[in-house]
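Because only heavy atoms are used, hydrogens play no part in the values below, and waters and symmetry mates are left out as well, while side chains stay in. Protein chains get the first letters and strands the later ones, always in sequence-line order, with residue 1 at the start of each. Quick caveat: nothing in here was measured; it's all calculated off a predicted structure.
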There are 2 protein chains.
Amino acid sequence: MDEKTKSKQASASPSLQERPTLKTIAFMTGLGITTVSRALKDAPDIGAETKERVRLVAKQVGYQPNRAGVRLRTGKTNVISLVLSLEEEVMGLTSPIVVGISEVLASTPYHLVITPYGFSKDALAPVRYVLDTGAADGVIISRTEPKDPRVELMMERNFPFATHGRTDMGLIHPYHDFDNEGFAYEAVRRLAELGRKRIVLLQPPPHLTFHRHMRKGFDEGIRDFGVEAVAFGAVDLDNSLTEIRAAFETLMRSDDAPDGIVSGSGAGSIALIAGLEAVGKKLTQHVDMVSKVPSDFLSWLRPEVITMNEDIRHAGRELAKAVIGRIAGLPAEELQSLSRAI
Amino acid sequence: MDEKTKSKQASASPSLQERPTLKTIAFMTGLGITTVSRALKDAPDIGAETKERVRLVAKQVGYQPNRAGVRLRTGKTNVISLVLSLEEEVMGLTSPIVVGISEVLASTPYHLVITPYGFSKDALAPVRYVLDTGAADGVIISRTEPKDPRVELMMERNFPFATHGRTDMGLIHPYHDFDNEGFAYEAVRRLAELGRKRIVLLQPPPHLTFHRHMRKGFDEGIRDFGVEAVAFGAVDLDNSLTEIRAAFETLMRSDDAPDGIVSGSGAGSIALIAGLEAVGKKLTQHVDMVSKVPSDFLSWLRPEVITMNEDIRHAGRELAKAVIGRIAGLPAEELQSLSRAI
DNA sequence: TCAAAAATCTGTAACGATACAGTTCGCTTG
DNA sequence: CAAGCGAACTGTATCGTTACAGATTTTTGA
């Protein structure tokens, strides 16, 4: 055979110092770059023994595909983007979500990229960015709304994503959600059992979907257990803890003071307790309180509070599995999950 | 001029539907791809008017360089990697750090990638990964040790990074740290002023650098203010809250019970308080406590605790600025910062 | 006036991977 | 026995960008 015709692809012997590429393996095995590429992909037109050899050498030299090369050629980024509101940063729910996602991604080729959006800025912007620049293969969003334009946009473009929280648009998409309805209903039940009659709810802001769920559970509890709901002005979980505290102090001083509290967040509960105690009232004595909490530190300092645990790390895991499933082409119906308090 | 010689580069008119590339702009301006590339980089060999035109068109069509293209060609990833221990996840210090970093990166081309390492696994592995695969342009690490092999490795390879916490190897590198020595010294001073005589310290695990700092400040305080240090067994901040609580309960029941506490973390403080109260003792009455805290929720539930605030979000910002500075070639000396309690 | 220098602009190759369209060769089959 | 087939392998072009080495035109200088 004419030497000149032999393998132009892998001609220049690749430095063994550098990071190995397909070329390196091609050179070492005497095969063409294409063959190596296809062998590592287990393509049907490559001989079994060749595949074995290639795999062996690849493993030996510690070959890892160059992400930029793959991305440029195929468009696949191997990136999952977690879209975060920088102000969501009340009491760090972000950490456990990130950890949960990371746990799942660790055994995949995916990297986790944080895509933040600024204070009070358009939540659609980061999603648009990812879609327009192809910055990721999939997206995870939170603070989901009933008619969520981000969901609409990604569905329209058929882009894989998962939401923390549900929507209400008749669109089927992957999500993970906490059963806030069940939580609130159960919370009211507990308070009613303790003989409480006038219950207040510290709820999520009205534009978020889980406001509805929590409200629904709360209202049904109010009705089913024959107690009364006390309104809590315009204050919700998006207010600062200082504002919540002040508002609750005012409420507790008024004639309208409740004797039972349902709190949708652990951080909010702290503000409520501070407000409560500022007016000289005591838990279990004057009021009872049920709080959703991310961890159990609250019960260490105020064991009087009835806590219901939301496992946010688990949510992170579920969300990661859902996006990856969607990327793999699984139907959205199978990628929806709901978790209850533990 | 012969039509055939004209611009082979931008020959195929790029679809105006797709994401614009240099080719798109080249076609629209009638220039070569190279010229457009150099114009956007403000290279000296491109005419002023040409640059203006190119910039205008680029802005008009919303050109954004393809990251994979740049990365493949130049090796620049435009990625900062935050290396996280998944078990660091006690009380979510991660959130504010991530937010702080994101705030700074938002106005740069950098993306933030989370690179986790598993439970009790080798902390060097993720750093090695980034270095070997060129996954990022810079790295941020925490849980820094006096002789930190990660720092050693990155210095040796001359790879840009910043550490949360200092080292003690005679190597000069970018860092941000909290003044734990000052904190502990001041804490002891406060307790001594309150008449406390027997002080215990809930400290970081011995292998982390800030253990030394905190210990130094504590020991000097003990000496300077003429009080006594109470040992706290083998329990440190890396123990679970349950363990800390149990250990402290034991300590408080012993003859060796302290009357003053310095706590190196807000989460740890909660465990200590729980342990304290489990044996029927009360803050300010039987003991006083000074705690470093990431936010002020602790003082809402236990105003008796003297808190000193560590601004972790600020740390995130400083760390991000430091890595970027290092990437830009600034000397490490100028990228070191220390912050005090606020 | 004419060569040299300066100012602008451009084509080619390469980064690493893969889609696609072959090529080679041994074997079957009519 | 030649055409045809399938198995196994490979070269070329391409993704978007930039380094580099020209190319072309204009300006300068003697």
> With B:T167, which residues qualify under side chain to side chain contact (heavy atoms under 4.5 Å, CB included), at least two apart?
Replying inline: B:T144, B:D148, B:V151, B:M169, B:H173
> ring pair (Phe, Tyr, Trp, His ring centres under 6.0 Å) with A:H164: which residues, sequence neighbours excluded?
Replying inline: none
> Between A:I25 (CD1) and C:dG16 (P), how many Å, whole number?
Replying inline: 13 Å
>> Could you work out, with side chain to side chain contact (heavy atoms under 4.5 Å, CB included) as the rule, every residue matching A:N66, not counting sequence neighbours?
In response: A:R19, A:A68, B:L72
> Can you name the residues that form a side-chain hydrogen bond (donor to acceptor under 3.5 Å, both in side chains) with B:S81, not counting sequence neighbours?
Replying inline: B:T115
> With sugar-phosphate meaning primed atoms plus P, OP1 and OP2, does B:P65 contact a base, only sugar-phosphate, or nothing at under 4.0 Å between heavy atoms?
Replying inline: sugar-phosphate
> Which whole-number value in Å describes the distance from A:K23 NZ to D:dG11 C1'?
Replying inline: 14 Å
> Going by an N to O cut-off under 4.0 Å, is there a salt bridge joining A:D132 and A:R157?
Replying inline: yes
>> Taking the minimum atom-to-atom distance to the side chain of A:T21, which one of C:dA17, D:dG16, D:dT18 wins?
In response: C:dA17
> Could you state the CG-P distance from A:L40 to C:dT18, rounded to the nearest angstrom?
Replying inline: 9 Å
>> Going by salt bridge (Lys or Arg N to Asp or Glu O under 4.0 Å), name the pairs with one or both residues in residues 28-40 of chain B, residues two or more places apart or in two chains.
In response: B:R38-B:D45
> Is there a side-chain contact between B:F159 and B:L153 (heavy atoms, below 4.5 Å)?
Replying inline: no
> Rounded to whole angstroms, how far apart are CG on B:N78 and P on D:dT17?
Replying inline: 13 Å
> Can you list, by residue number, the residues of residues 45-60 of chain A that have a non-hydrogen atom closer than 4.0 angstrom to DNA chain D?
Replying inline: A:D45, A:I46, A:G47, A:T50
>> Using a strict heavy-atom distance below 4.0 Å, which residues from residues 68-76 of chain A are in contact with DNA chain D?
In response: A:L72, A:R73
> Just to confirm, is there a sub-4.0 Å distance from OP1 or OP2 of C:dT10 to any side-chain nitrogen or oxygen of B:T35?
Replying inline: yes
>> Of the options D:dC9, C:dT10, D:dT18, whose atoms approach the side-chain atoms of B:S37 most closely?
In response: D:dT18
> Does anything in residues 319-330 of chain A pair up under side chain to side chain donor-acceptor pair (under 3.5 Å), and if so which pairs, sequence neighbours excluded?
Replying inline: A:E318-A:K321
> Where the side chain of A:N66 is defined as all heavy atoms beyond and including C-beta, which of D:dT18, C:dG16, D:dT10 is the nearest nucleotide?
Replying inline: C:dG16
> B:R38 has an atom CZ; how far is it from atom C1' of C:dG11, in whole Å?
Replying inline: 14 Å
> End-to-end bend of the helix from C:dT1-D:dA30 to C:dG30-D:dC1 (five-pair axes, 10° rounding)?
Replying inline: 60°
> To the nearest angstrom, how far is B:L22 atom CG from C:dC15 atom P?
Replying inline: 19 Å
>> Once side chain to side chain contact (heavy atoms under 4.5 Å, CB included) is applied, do any residues pair with B:A162, and if so which ones, sequence neighbours excluded?
In response: B:P174, B:L319, B:A322, B:V323
> Can you name the side chain to side chain contact (heavy atoms under 4.5 Å, CB included) partners of B:L56, sequence neighbours left out?
Replying inline: none
> Would a distance-only check, ignoring hydrogens and angles, find a side-chain to backbone donor-acceptor pair under 3.5 Å from B:R150 to B:S142?
Replying inline: yes
>> Considering only residues two or more places apart or on different chains, which pairs with a residue in residues 101-114 of chain A satisfy side chain to side chain donor-acceptor pair (under 3.5 Å)?
In response: A:R67-A:H111, A:K76-A:Y110, A:E103-A:R313, A:H111-B:Y129
> Roughly how many Å is it from CG in B:D42 to C1' in C:dT8, rounded to a whole number?
Replying inline: 15 Å
